[in-house]
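What follows is one structure encoded as structure tokens, with my remarks underneath.
Here the structure is a predicted model, which means the values were calculated and not measured. Below, read A as the first sequence line, B as the second, and so on, with proteins coming before strands; counting in each chain starts at 1.
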2 protein chains.
Amino acid sequence: MENVRELFQVMTRRFGLLNKNCCQVGGSEVSMVQSHILYELLRKDNPSMQQVAENLGMDITTFSRQIQNLVKQGLVSKSPLSNDRRVYQLSLTPQGNYIAASIDAQMNQYLAEVFSNMSEFEKEMVIKSVKLLNNAMSKSTVCCKPLI
Amino acid sequence: MENVRELFQVMTRRFGLLNKNCCQVGGSEVSMVQSHILYELLRKDNPSMQQVAENLGMDITTFSRQIQNLVKQGLVSKSPLSNDRRVYQLSLTPQGNYIAASIDAQMNQYLAEVFSNMSEFEKEMVIKSVKLLNNAMSKSTVCCKPLI
DNA sequence: AGAAAATACTTGCATATTGCAACTTTTTTT
DNA sequence: AAAAAAAGTTGCAATATGCAAGTATTTTCT
């Protein structure tokens, strides 16, 4: 059998590079980590700090500081939950939303370009495979905790 | 159509977490970046600094320092090329080789566990898809330079 | 009700990582 | 023989990281 790890290692590295490309929108310069955070906030509805940090597999203290920066940059807003004032709800500001959406659009465009190098059939297969893989990894006992 | 980026983002994140798990072998603690470097050295035959740095998409100065650490830790050896003494050939020491091979084995074991959650047919499809994807990304004009 | 424990998040601190600019050394070009 | 190029290395300043210990709030336990 072929070396499976090799395949995945290369793929992951490539995808990492792809992601790196996406991190400058207009004037703003966004780090890779910040881009991941914005991505989460774009999809989740007013999550707490812990929820997002856990989803990203980040240490909560590092995350806390990253959020402080994003708030300072005017991309994220943080407001205490009225029920439980220990918890902060995170959301994107309009500017943060614009940037996150731009990055998302750019990534999708890049992916479309990648897929343009395959047939429609292959594309369907690849997408199906990634879904399968995500599903299988989520079931794994050994890997990928903290779970997404 | 489903959100393709979402799928890839999640997959990449999970694979990143998977990789993180692999970075302690026996007593030695190896960082993620170091593990990527060891991986390259395990496969390539006496590459130069630039070659590896480029393959990994790393800045050469950062790479230089990472190699210094690995040499200090006794995992990598660095010897000037006789033809051209500007160039250094990199290779794994026996201990470095042991660690790189251990990480590789562990990763392959993790992957096997992930694949155990699918049918043989699905597994074949997924592997084929990753190959396709790597191939398509290598053809892309927009992404993934420095090329691997 | 009131003390103790738990939870959510933040800060101190020490360490590691990063990348640009400028450097050394060696080789190639002119 | 001088100039340019190439391969690596350092200075430095900015940033990221994670553990331990902190604050503030809520829950649990008598």
Side-chain angles (χ1 to χ4, degrees), chain A residues 13 16-17 19-24 28-41 44 46-73 75-91 145-146, chain B residues 13 16-17 19-21 23-24 28-38 40-41 44 46-73 75-91 145-146:
Chain A
R13 205 139 73 204
L17 294 173
N19 250 322
K20 242 188 216 164
N21 281 356
C22 293
C23 291
Q24 36 235 10
S28 302
E29 177 81 22
V30 178
S31 79
M32 190 98 153
V33 169
Q34 289 178 330
S35 139
H36 274 272
I37 295 173
L38 294 179
Y39 172 80
E40 279 299 297
L41 298 185
K44 301 278 159 64
N46 289 324
S48 73
M49 306 266 296
Q50 282 210 329
Q51 282 167 351
V52 180
E54 204 156 287
N55 281 354
L56 294 174
M58 283 180 72
D59 184 275
I60 182 73
T61 70
T62 302
F63 182 77
S64 168
R65 275 181 269 242
Q66 289 284 0
I67 288 292
Q68 285 170 39
N69 290 336
L70 287 166
V71 169
K72 223 176 287 171
Q73 287 170 58
L75 305 183
V76 167
S77 88
K78 216 178 96 175
S79 54
L81 194 64
S82 51
N83 286 359
D84 183 342
R85 299 213 307 288
R86 291 171 303 181
V87 179
Y88 287 91
Q89 286 188 307
L90 298 175
S91 59
K145 25 180 191 302
Chain B
R13 205 138 75 201
L17 295 172
N19 251 321
K20 243 189 218 166
N21 280 356
C23 292
Q24 37 235 6
S28 303
E29 178 82 23
V30 179
S31 79
M32 190 99 153
V33 170
Q34 289 178 331
S35 139
H36 274 272
I37 295 173
L38 294 178
E40 279 301 297
L41 298 185
K44 302 277 159 65
N46 290 325
S48 73
M49 306 265 297
Q50 282 209 334
Q51 281 166 352
V52 181
E54 204 157 286
N55 280 355
L56 294 173
M58 281 180 72
D59 183 274
I60 184 69
T61 70
T62 303
F63 182 77
S64 169
R65 277 181 268 244
Q66 289 285 357
I67 288 292
Q68 286 171 38
N69 290 337
L70 287 167
V71 170
K72 223 177 286 171
Q73 288 169 58
L75 306 183
V76 167
S77 89
K78 215 178 97 175
S79 54
L81 195 64
S82 51
N83 286 359
D84 185 341
R85 299 215 305 288
R86 290 172 303 182
V87 179
Y88 287 93
Q89 285 188 307
L90 299 176
S91 59
K145 20 179 195 300

| query | Hey, are the side chains of N55(B) and K44(B) touching, using non-hydrogen atoms and a 4.5 Å cut-off? | reply | yes
| query | With respect to the side chain of V87(B), which nucleotide from dA16(D), dT10(C), dG8(D) is positioned closest? | reply | dG8(D)
Expressed in angstrom and rounded to an integer, what is the separation of [X] atom [atom1] from [N] atom [atom2]?
X      : N       : atom1 : atom2 : answer
F63(B) : dT17(C) : CZ    : P     : 14 Å
M49(A) : dA24(D) : CE    : P     : 17 Å
L81(B) : dG8(D)  : CG    : C1'   : 14 Å
I67(B) : dA7(D)  : CD1   : P     : 16 Å
E29(B) : dT17(D) : CD    : C1'   : 13 Å
E54(A) : dT7(C)  : CD    : P     : 13 Å
Q50(A) : dA6(C)  : CD    : C1'   : 12 Å
K78(B) : dA7(D)  : NZ    : P     : 15 Å

| request: Would you classify Y88(B) as touching base, sugar-phosphate or nothing, given that sugar-phosphate means primed atoms plus P, OP1 and OP2, and contacts are heavy atoms under 4.0 Å? | output: sugar-phosphate
Report yes if a side-chain nitrogen or oxygen of [X] is closer than 4.0 Å to either non-bridging phosphate oxygen (OP1 or OP2) of [N]; otherwise report no.
X      : N       : value
S64(A) : dT10(C) : yes
Q68(A) : dT11(C) : yes
Q34(B) : dT17(C) : no

| said: Each nucleotide in nucleotides 18-26 of chain C should get exactly one letter: B, S or -. Can you fill that in based on protein heavy atoms under 4.0 Å? | reply: SBBB----B
[X]: which residues meet the side-chain contact (heavy atoms from CB on, under 4.5 Å) condition with it, sequence neighbours left out?
X      : answer
R86(B) : D84(B)
V71(A) : I67(A), V76(A), K78(A)
R85(B) : none
Y39(A) : R43(A), D104(A), R5(B), E6(B), Q9(B), R13(B)

| For the student: nearest non-hydrogen atoms of Q34(A) and N69(A), plus distance | NE2-CB, 4.1 Å
| message | Please enumerate all residues that pass side chain to side chain donor-acceptor pair (under 3.5 Å) together with S77(A), with sequence neighbours excluded. | response | S91(A)
